[in-house]
Number of protein chains: 2
Amino acid sequence: MAAPATIQCCAPIAREPLAEAEAAELAALLKAVADPVRLRLLSMIGSHAGGEACVCDLTDSFDLTAPTISHHLKVLRTAGLIDGERRGTWVYYRIVPETVNKLGALFAPLAEPAATGRVELELLPV
Amino acid sequence: MAAPATIQCCAPIAREPLAEAEAAELAALLKAVADPVRLRLLSMIGSHAGGEACVCDLTDSFDLTAPTISHHLKVLRTAGLIDGERRGTWVYYRIVPETVNKLGALFAPLAEPAATGRVELELLPV
DNA sequence: GGCGTACTTCGACAAACTTCTAAGCAGGAG
DNA sequence: CTCCTGCTTAGAAGTTTGTCGAAGTACGCC
């Protein structure tokens with residue numbers, strides 16, 4: 001038929017071979033989130049009220065020392081996934097949506113037009 | 001207006017804190033793709049004509065020995081991201097869409113109804 | 001100034017990862 | 001059967017990563 005072919009998996013990763021440099025860049029990003037602690041940290045920061053979380057809010061959820069949490073936050077920050085700012089006594093972290101969206105675009109670029117440019121999403125408030 | 005609120009980043013990872021067990025499972029999956037070589041392997045397999053690629057097709061693109069490629073393929077297979085089958089002389093690998101979609105759903109669940117179930121996509125042939 | 005709290009940096013160490021060489025197994029060809 | 005090719009397994013070396021304790025920096029309070 002003349003209908004578009006149905007492809008089982010259409011993530012961009014499965015559309016054309018990834019260039020070497022691109023793969024290296026994305027792998028670095030993926031390595032930053034490929035850890036249970038960092039995944040939870042990212043999730044806690046992103047879902048926290050106001051869009052930002054104090055380190056003190058995060059530490060209590062883990063059986064880890066403060067230096068370890070600080071290390072993981074640094075890995076996420078170095079990767080560009082989060083951004084931190086000191087305000088008075090506390091340090092607040094916030095998600096960097098552009099970087100997170102790079103990962104989303106890798107595996108599931110449902111919105112084709114947006115995939116190549118800025119990804120702006122709307123969600124119904126539950 | 002009555003329109004739904006626009007949220008900057010709406011990946012599920014930023015909607016509610018990830019449970020510990022869930023984070024561990026996803027981190028294992030992410031660790032499997034968090035490597036430039038494996039990312040390219042996955043991409044080459046997924047984008048290969050017929051949806052599957054022989055190991056011999058993959059090896060030549062890398063400056064690595066055959067055992068190393070074999071090792072990376074095993075990591076991807078153990079994670080459930082690809083599946084391999086021997087046919088005669090050659091071994092063919094194929095992507096497992098369900099597993100790849102888990103990653104896509106993590107960071108960019110654009111199709112809300114599909115995100116929780118099976119994701120079936122249509123792509124226009126260029 | 002001196003002290004206490006919040007967080008980060010430093011230095012160290014065990015565990016895990018990437019890569020290699022060498023050896024093994026499975027199929028096809030002569 | 002014997003050899004050759006395609007791929008995997010096994011073992012080892014070097015590097016990276018996750019975690020800790022100790023020390024350092026920044027800020028607010030007395």
Side-chain angles (χ1 to χ4, degrees), chain A residues 18 20 23-45 48 50 52-94, chain B residues 18 20 23-45 48 50 52-94:
Chain A
L18 227 44
E20 200 168 340
E25 184 191 330
L26 288 166
L29 214 53
L30 284 165
K31 214 172 346 178
V33 285
D35 179 281
V37 174
R38 290 197 289 270
L39 214 45
R40 288 177 63 203
L41 282 172
L42 194 64
S43 177
M44 292 170 84
I45 294 171
H48 203 268
E52 58 182 14
C54 165
V55 178
C56 55
D57 293 328
L58 307 169
T59 309
D60 296 343
S61 299
F62 298 88
D63 261 353
L64 297 170
T65 62
T68 300
I69 299 293
S70 193
H71 160 72
H72 285 301
L73 287 170
K74 184 178 188 174
V75 172
L76 289 173
R77 197 180 42 198
T78 302
L81 287 159
I82 61 174
D83 194 12
E85 181 197 0
R86 171 168 221 128
R87 281 206 301 277
T89 305
W90 294 282
V91 175
Y92 293 89
Y93 280 100
R94 181 180 333 103
Chain B
L18 227 44
E20 201 168 340
E25 184 192 330
L26 289 167
L29 215 54
L30 285 165
K31 214 175 342 182
V33 287
D35 179 282
V37 175
R38 291 198 287 271
L39 212 47
R40 287 178 62 203
L41 282 173
L42 194 64
S43 177
M44 292 170 85
I45 294 171
H48 204 267
E52 58 183 14
C54 165
V55 177
C56 56
D57 295 327
L58 308 170
T59 309
D60 296 343
S61 299
F62 298 88
D63 261 352
L64 296 170
T65 62
T68 300
I69 298 292
S70 194
H71 159 73
H72 285 300
L73 287 170
K74 185 177 189 175
V75 172
L76 288 172
R77 198 180 41 200
T78 301
L81 287 159
I82 61 174
D83 195 11
E85 182 196 0
R86 171 169 221 128
R87 280 205 301 277
T89 304
W90 294 283
V91 176
Y92 294 89
Y93 280 99
R94 184 179 333 103

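So that the names make sense, note that chain A is the first sequence line, chain B the second, and so on, each numbered from 1. Quantities reported herein were computed from a predicted structural model and do not represent experimental measurements.
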List the atom of L39(B), the atom of V33(B), and the distance in Å for their closest heavy-atom pair.
-> CD1-O, 3.5 Å

Take the protein atom CG of L58(A) and the nucleotide atom C1' of dA6(C), then report the distance between them rounded to whole Å.
-> 13 Å

Phosphate OP1/OP2 of dC20(C) contacted by T68(B) side-chain N/O (<4.0 Å) = yes

Quick one: is Y92(B) getting a side-chain N or O under 4.0 Å of the dG6(D) phosphate, OP1 or OP2?
-> no

Have a look at Y93(A) and say if it touches a base, only the backbone sugar-phosphate, or nothing, with a 4.0 Å heavy-atom cut-off.
-> sugar-phosphate

Reckon R38(A) has a side-chain N or O less than 4.0 Å from the OP1 or OP2 of dG18(D)?
-> yes

Distance below 4.0 Å between H71(A) side-chain N/O and dC7(C) OP1 or OP2 | no

D63(A) has an atom CG; how far is it from atom P of dT19(D), in whole Å?
-> 11 Å

Side chain of D35(A) - closest among dA6(C), dG18(D), dT9(C) = dG18(D)

Think K74(A) has a side-chain N or O under 4.0 angstrom from the OP1 or OP2 of dC7(C)?
-> no

So is R86(A) actually on top of Y92(A)'s ring, under 6.0 Å and inside 45° of the axis?
-> no

Sorted by position of nearest nucleotide on DNA chain C, 5' first, the leading residue of P67(A) and R86(A) is R86(A)

F62(B) CZ - dT19(C) C1' separation (whole Å) | 14 Å

Identify the two heavy atoms, one from I45(A) and one from Y93(A), that lie closest to each other, and give their separation to 0.1 Å.
-> CG2-O, 3.4 Å

Atom pair distance, as rounded to whole Å: CD1 in I82(A) and C1' in dC7(C) | 13 Å

Given atom CH2 of W90(B) and atom C1' of dA29(C), what is their separation to the nearest angstrom?
-> 12 Å

Within the structure, does a side-chain N or O atom of T65(A) lie under 4.0 Å from either OP1 or OP2 of dC20(D)?
-> yes

Atom-to-atom span, CD of E85(B) to P of dG27(C) - whole angstrom | 12 Å

Closest of dC7(D), dT17(D), dT9(D) to the C54(B) side chain is dC7(D)

So which one's nearest nucleotide on DNA chain D is more toward 5', K31(A) or T89(A)?
-> K31(A)

Given atom CG of L41(B) and atom C1' of dC7(D), what is their separation to the nearest angstrom?
-> 14 Å

Length of the line joining H72(A):NE2 and dT17(D):P, which is rounded to integer Å | 12 Å

Return the nearest nucleotide to the side chain of L64(A); candidates are dC7(D), dT8(D), dC20(D).
-> dC20(D)

